[in-house]
Amino acid sequence: MIELSPSTTSLELPRLQALSNYDLGEAPHDPALDDIARLAAHVCNAPIGLVTVVERKEVLLIGRYGIDFPSAPRHTLPCETTISGEGLYQIPDARRDPEYAPGGIPLGDRHYRFYAGSPVHTPDNIAIGCVAVLDTSARKLSTAQLESLESLSNLVTTRIELARRQREMSHSSRARQRVESALMVERNFVS
């Protein structure tokens, strides 16, 4: 069950419930998500690539390239704006953006001027996170780079959905084994 704060909106509740189905905060680190973050950084010529999920109080960096820490406070990264929009979100120069001026986007011990992100959706089209890139230089991505970022966010959806289904199958398999063991003990007792 999800614990809600008074500030949780009615739109946020379905998103948090969908996110809880993936159990990403408790799941083991998936190196494939780091590969997707690295690919996003390379395609976009950026030093930082991220695969994120927006939790209630923080942004989990479930895939990362160019940084080492696993999370950031929720309102420090533009991921929340990315998931609340209709598609790709780009900040060409954060020093000129009203929300991040004059210093830029804080992440770790650095500030970044450029951000681009594509939302990661569940199969039910609920945005739970994003694939994003950050750079210290102000700029814009090309159409091909934006399309690549969107494709990578679709890959993340596929990857986390596959992991969720594998966990469900594993739970079902263990439950079936317990039932079969109990039946075998009962049969042996009856014999």
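On a predicted model such as this, the values are computed, not experimentally measured, just so you know.
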Would you sort out whether L33 and V156 count as a side-chain contact (heavy atoms from CB on, under 4.5 Å), showing the intermediate values?
CA-CA 7 Å; L33 296 175; V156 171; 4.2 Å; yes
For the residue pair [X] and [Y], establish whether any side-chain heavy-atom pair is separated by less than 4.5 Å.
| X | Y | answer |
| --- | --- | --- |
| S118 | L152 | no |
| P102 | R95 | no |
| L134 | P47 | no |
| R15 | L19 | yes |
| L146 | Q90 | yes |
| R64 | P70 | yes |
| T136 | R113 | no |

Going only through I, L, V, M, F, W and Y residues with side-chain contacts under 4.5 Å, is there a path from [X] to [Y]?
| X | Y | value |
| --- | --- | --- |
| L149 | V54 | no |
| L50 | L88 | no |
| I67 | Y65 | no |
| V59 | V51 | no |

Minimum-distance pair of heavy atoms, taken over all atoms of [X] and [Y]:
| X | Y | result |
| --- | --- | --- |
| Y100 | H75 | OH-O, 4.5 Å |
| T82 | C130 | CG2-CB, 3.8 Å |
| A72 | L77 | CB-CD1, 4.0 Å |
| K140 | P92 | CE-CG, 3.7 Å |
| V133 | G49 | CG1-CA, 4.4 Å |
| I83 | E80 | CG1-O, 3.3 Å |

Ignoring hydrogens and angles, tell me if any N or O in the side chain of [X] forms a donor-acceptor pair with the backbone of [Y] under 3.5 Å.
| X | Y | answer |
| --- | --- | --- |
| S153 | P119 | yes |
| D30 | A32 | yes |
| E161 | P123 | no |

To the nearest 0.5 Å, what is the distance between [atom1] ([X]) and [atom2] ([Y])?
| X | Y | atom1 | atom2 | result |
| --- | --- | --- | --- | --- |
| Q17 | I126 | CD | CD1 | 8.5 Å |
| T76 | H111 | OG1 | NE2 | 9.5 Å |
| L16 | N21 | CG | CG | 11.5 Å |
| R139 | C44 | CZ | SG | 7.0 Å |
| C79 | E58 | SG | CD | 12.0 Å |
| T81 | I91 | OG1 | CD1 | 7.0 Å |

Within 6.0 Å of CZ in R110, more than 12 heavy atoms from elsewhere:
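Check fails, neighbour count at 12 or below.
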Would you sort out whether I160 and I128 count as a side-chain contact (heavy atoms from CB on, under 4.5 Å), showing the intermediate values?
CA-CA 11 Å; I160 63 175; I128 59 172; 3.5 Å; yes
side-chain contact (heavy atoms from CB on, under 4.5 Å) evaluation trace for Q145 with N45
CA-CA 9 Å; Q145 289 171 320; N45 297 320; 3.8 Å; yes
Between L107 and F69, is the side-chain contact (heavy atoms from CB on, under 4.5 Å) condition met? List the steps.
CA-CA 10 Å; L107 182 62; F69 40 92; 3.4 Å; yes
Name the residue from Y115, F114, Y112 that meets the side-chain contact (heavy atoms from CB on, under 4.5 Å) definition with I48.
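Single pass found, and it is Y112.
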